[in-house]
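Chain letters run A, B, ... following the sequence lines, proteins first, then strands; residues in each count from 1. None of the values given here were measured: they were computed from a predicted structure.
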Amino acid sequence: NAGVMQNPRHLVRRRGQEARLRCSPMKGHSHVYWYRQLPEEGLKFMVYLQKENIIDESGMPKERFSAEFPKEGPSILRIQQVVRGDSAAYFCASSPLEGLSLKTQYFGPGTRLTVL
Amino acid sequence: SQQGEEDPQALSIQEGENATMNCSYKTSINNLQWYRQNSGRGLVHLILIRSNEREKHSGRLRVTLDTSKKSSSLLITASRAADTASYFCATDTNTGNQFYFGTGTSLTVIP
């Protein structure tokens with residue numbers, strides 16, 4: 001059972017370009033979370049998705065950022081017109097459980113975005 | 001904000017010594033979890049403690065939770081060089097979907 005997979009592992013973009021980050025959850029997991037980690041900081045929640053639904057996007061910037069988790073295929077975090085401040089590590093986590101019960105999230109290796 | 005704080009920010013010890021790091025948070029929680037992150041890598045889940053538990057053990061790890069003080073501690077006994085990593089606490093609540101991560105403790109174990 002493969003773990004959470006993210007690609008690419010490293011992504012370099014110039015200011016103004018678009019960045020697409022992909023996350024394939026663990027087999028059997030239908031809940032995906034995206035986090036951003038700035039250098040020397042902890043992870044900050046961005047968005048929580050289930051298949052075809054955004055459940056909580058309270059941590060995601062209102063502009064330029066979007067996320068989806070289609071019925072088929074990976075979850076995608078999309079950043080339009082990237083700026084230098086978007087440079088960070090973006091982590092995806094998946095979970096098989098929902099709601100308020102015991103929950104452990106399994107993290108992918110992350111995508112390190114560098115904006116030149 | 002529920003964002004937690006780990007203390008100390010950085011800790012350097014000799015191999016074989018015990019390492020203790022603390023986490024404080026601000027609001028009532030459902031669970032508290034500890035994660036390890038090796039440099040440039042993703043997070044690895046270490047241990048989860050529920051809000052109605054006070055102590056939990058897993059191998060060389062011991063976690064305590066004091067909900068009255070809104071704090072938790074992670075003790076790593078007989079540390080090894082391979083324990084060198086950043087350690088984060090994460091909390092979740094009954095009313096939200098997200099985990100709130102602390103700022104992390106960077107642990108260096110010197111061989």
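Hydrophobic clustering of Ile, Leu, Val, Met, Phe, Trp and Tyr side chains at less than 4.5 Å, counting indirect connections, unites I29(B) with L46(B). One hydrophobic cluster, built from ILVMFWY side chains closer than 4.5 Å, holds both I55(A) and Y33(A). Side-chain heavy atoms closer than 4.5 Å link hydrophobic residues (I, L, V, M, F, W, Y) into clusters, and following such links, even through other members, never connects F88(B) to M46(A). Residues F45(A) and L43(B) fall within the same hydrophobic cluster, defined by Ile, Leu, Val, Met, Phe, Trp and Tyr side chains chained together at heavy-atom separations under 4.5 Å.
Distance CD/Q105(A) to CG/D92(B): 8.5 Å, rounded to 0.5 Å.
Looking at E6(B), there are no atoms closer than 4.5 Å to chain A (heavy atoms on both sides), in backbone or side chain. For chain B, no part of Q6(A) is nearby; none of its heavy atoms comes within less than 4.5 Å.
Around atom CZ of R54(B), more than 12 heavy atoms belonging to other residues, nucleotides or ligands sit under 6.0 Å away.
If you look at F99(B) and Y35(A), their ring centroids are not closer than 6.0 Å.
Between Q37(B) and F91(A) the shortest heavy-atom distance is NE2-CZ, 3.3 Å.
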